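Since the structure comes first, as structure tokens, the remarks are kept for the end.
Since the model is a prediction, treat every value here as computed from it, not as a measurement.
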Amino acid sequence: MAFGEQVSFTASNQGRFSYIESRVFDVLPVTQARWPKLRTLTLGSFGYQTDFSLGTAEEISFSLFLDNHPMLNYLRLQWNFTRWISPPDLRLELSPSALPQLDTFLGIYQQLAKLPNRSSIETLELTCEPLNETRLTQICPLLQSLTSLTSLDLWTCLTGQDNINLFSSKTLKQLLSQLHLLPDLKRFSLTKGHSYRDESMLDSALLILKYKPTLEEIHIRWAREKAPNHLKQEGTYDITSIENQPSFITVHEQGIPLVGRPFYRKYKYILRPSDVVQSLKQKQLLQLLRIRS
């Protein structure tokens, strides 16, 4: 890639510096630069400073920097999730015409909400920190504006998840019910805190497929109960359709079981009509959730 088309910085926890090859740089002068051909920007990680301010994350110069780089198509803003989740709102004041060519965004939902041209986004990852029930609810209205989205990746962590099945959560079902608003969505990934009392990964994938039967790939990741940043099991589910109807799933699963050695398995699951056709009760619930959203 030619010089000036890509910039990547990894910032310290203080939010005002970045490390490149073990050297420390003040990020703010970078935001005053102009690269007409800049297409890719990775910046972070943002986080709280010792006085709980946000430093560079709320500098108006950063908003101006994004406004002045209309060729950007890839934007990654990393939030440093160690103990504290991000605040409910972040300052990001963009003009209505900012980032017209942005097709990939990785960050937090508060930043996503401030992007003026979300309809151009094709790939969205909200995996910097877990999304609780309140934040999942706030994401639902944003999905309606992501009309070009082909790939969606979320990390969820619901209150009391050790005592309930995650997919019995009304909040998550409301989110899944919004997937029909994304006509081009082909890949859906979900990372979630998990108890061994939860449903199997295949059951999770089948439920997602019921809400969005045109998906081609589903990824499920289970995080450890006591260490949510570490994966315990993961599965990839490639859906094959015949005559526009989901026919079978090629399954790849690996992880650490409750007892026994780590495993890897690959198999084919033949879909039954009941796997992709919602029952009358499910349809009524889906319709109610859509009305309320």
Measure the shortest side-chain to side-chain distance between [X] and [Y] over non-hydrogen atoms and say whether it is less than 4.5 angstrom.
| X | Y | result |
| --- | --- | --- |
| Leu154 | Leu131 | yes |
| Val251 | Lys268 | no |
| Leu176 | Phe188 | yes |
| Phe105 | Leu146 | no |
| Leu43 | Phe62 | yes |
| Leu75 | Thr40 | no |
| Ile121 | Leu115 | yes |
| Ile239 | Glu216 | no |

Only pairs at least two apart or in different chains count here, so list each salt bridge (charged side-chain N to carboxylate O under 4.0 Å, His left out) that has a residue in residues 236-260.
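For residues 236-260: Glu253-Arg265.
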Any donor-acceptor pair under 3.5 Å from [X] side chain to [Y] backbone:
| X | Y | answer |
| --- | --- | --- |
| Thr104 | Thr123 | no |
| Ser120 | Leu102 | yes |
| Gln110 | Pro87 | yes |
| Asp275 | Arg272 | yes |
| Glu125 | Gly107 | no |

Does either side chain, that of [X] or that of [Y], offer a donor lying less than 3.5 Å from an acceptor on the other one?
| X | Y | answer |
| --- | --- | --- |
| Arg135 | Ser86 | yes |
| Asn244 | Ser241 | no |
| His252 | Gln254 | no |
| Glu217 | Tyr237 | no |
| Arg118 | Ser145 | yes |

With sequence neighbours left out, the residues meeting side chain to side chain donor-acceptor pair (under 3.5 Å) with Asp103 are none
Determine, stepwise, if the pair Ile139 / Leu112 fulfils side-chain contact (heavy atoms from CB on, under 4.5 Å).
CA-CA 9 Å; Ile139 288 174; Leu112 173 68; 5.8 Å; no
Contact summary for Pro70 and Pro100, nearest pair of heavy atoms
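In this case the closest contact between Pro70 and Pro100 is O-CD, 3.6 Å.
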Least distance between heavy atoms, Glu93 atom then Asp67 atom:
O-OD2, 4.2 Å
Considering residues at least two apart in sequence or located in another chain, which fulfil the salt bridge (charged side-chain N to carboxylate O under 4.0 Å, His left out) criterion with Glu122?
none
